[in-house]
Amino acid sequence: MLKSARKQVKDDEGRMPLAEHLRELRNRLLKSVLAIVVMVVVAAFYQREIFRFLMQPILSSVGCVDGAVTMRNGKPCASMTTNGLLSPFTIALKVSLMAGVLIATPVWLYQLWAFVAPGLHRTEKRYSLAFVAAGVPLFAGGAYLAYAILPQTAEIMLSFTPDDAQNLLPLDDYLDLITRMVIVFGLAFELPLLLILLNITGVITGARMLRWWRGMLVGLTAFAAIATPGGEPISMLLLAGPLAVLYFVAVAFSLLNDKRRQRNNPDAELDADEASELDLTPESIGEIEAVSASRALPGQATGESAGAGPKQLNGYDDIT
């Protein structure tokens, strides 16, 4: 059994020697890899069902099914092919590995969190949990969008096929394409989290992000054109539209966060070399406390008691 190094060293702040940190990292990595291997083995028994699910967008739009030889627009349909003797086995292994990593995501994410969490403050833990909780559905939303627009994208791209040509789609190339689209779309949907993180840490303000909206829309459209296969306009707009909405959601959150920060600390938005405003409003000093008079010097006391005024000594009014 792999024993956690933190259970062997009791420390309220999670401190331990470097060797113990390395041992803890090794244990976490081994647990993550073991979970992935188990899920890969389980996914291998269902790799045909998983692959059928991945092929469904192409088969329903441009695939040659039920003896059809043309698509709905009359163009030749596409046939899914494999090349070589080892290609089916390689494709099955790739599908199983991809599915195993995705299914084991809760395990290796928890191991990563368990390794990093003891070194974080309470506020940092709260923020990190919130970002993970928001990041997972955002990534899933981007991955689903990539899966949903793939049929329309494939139909538009294959509509340019000449009448006398036949479309052959290698399965391994198709797997690489859909994997790349899922990752790119999922990471693109993490944009609002990155902007909110920069705002919370004080790097950029909501007002500054709002001033960037024209450039951001152009940049998001350009990114969508590069990320979508072939750069066709419909898929590009289907990606650029949600990204623009998420950007303005991040701007709205940042503006509200800046207002909250301004209420708590009026000087929070000042630069490091900018002086804060001074409050020069007079305030009441309250009741005046009576102070007893200090004792007179011996020479002064003698002169004053005689009624002759301050006694002079060497031209001075007192003996100092």
Side-chain angles (χ1 to χ4, degrees), residues 57 61 123-124 126-157 159-160 176-277:
S61 59
T123 304
E124 294 172 337
R126 185 171 65 250
Y127 282 139
S128 59
L129 285 176
F131 278 103
V132 171
V136 171
L138 283 176
F139 187 91
Y144 176 78
L145 179 61
Y147 182 83
I149 69 174
L150 191 57
Q152 192 171 9
T153 302
E155 187 173 354
I156 294 175
M157 296 302 297
S159 64
F160 296 97
D176 294 339
L177 173 64
I178 192 172
T179 302
R180 183 169 64 252
M181 288 185 61
V182 165
I183 293 176
V184 170
F185 278 51
L187 292 180
F189 272 53
E190 303 293 336
L191 173 66
L193 283 185
L194 176 61
L195 295 176
I196 291 174
L197 177 63
L198 293 176
N199 176 260
I200 290 178
T201 56
V203 177
I204 55 177
T205 62
R208 181 176 298 179
M209 284 191 290
L210 186 59
R211 291 195 298 266
W212 293 348
W213 73 271
R214 295 180 180 86
M216 288 296 299
L217 290 182
V218 174
L220 292 176
T221 304
F223 170 79
I226 297 174
T228 52
E232 53 91 13
I234 297 180
S235 299
M236 179 186 69
L237 294 177
L238 287 176
L239 176 59
L243 288 180
V245 173
L246 293 175
Y247 169 73
F248 285 109
V249 169
V251 171
F253 177 88
S254 300
L255 290 174
L256 294 176
N257 184 56
D258 291 341
K259 290 183 178 180
R260 179 193 61 80
R261 185 183 301 165
Q262 185 69 22
R263 288 195 301 267
N264 297 335
N265 183 12
D267 301 332
E269 302 299 328
L270 297 178
D271 296 332
D273 56 349
E274 187 177 357
S276 60
E277 296 182 1

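Minimum interatomic distance between Ala188 and Leu243 (heavy atoms only, all atoms of both residues): O-CD2, 3.2 Å. In this structure, Pro242 and Leu145 approach most closely via the heavy-atom pair CG-CD2, 4.1 Å. What you find for Val182 and Ala143 is that their closest heavy atoms are CG1-CB, 3.5 Å. Taking every heavy atom of both residues into account, Ala240 and Thr221 meet most closely at CB-CA, 4.2 Å. Closest of all the heavy-atom pairs between Asn199 and Met209 is CB-CE, 4.4 Å. Closest approach of Tyr247 to Leu210, counting heavy atoms only: OH-N, 4.3 Å.
With values rounded to the nearest 0.5 angstrom, Ser254 atom OG is found 9.0 Å from Leu198 atom CG. With values rounded to the nearest 0.5 angstrom, Leu177 atom CG is found 6.0 Å from Leu150 atom CG.
Leu187 is listed as a side-chain neighbour of Ile183, based on a closest heavy-atom distance under 4.5 Å. Within the 4.5 Å cutoff, side-chain heavy atoms of Tyr147 are placed close to those of Ile178. Side-chain contact between Leu217 and Phe248 is present, with heavy atoms from C-beta onward closer than 4.5 Å. Proximity of Phe223 to Val184: side-chain heavy atoms (C-beta onward) are separated by under 4.5 Å at one or more points. Here the side chains of Leu191 and Leu220 are in contact, with some heavy-atom distance below 4.5 Å.
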Quiz item: After noting the C-alpha distance and the side-chain angles of Ile149 and Leu239, does the key distance pass the side-chain contact (heavy atoms from CB on, under 4.5 Å) rule?
Solution: CA-CA 9 Å; Ile149 69 174; Leu239 176 59; 5.6 Å; no

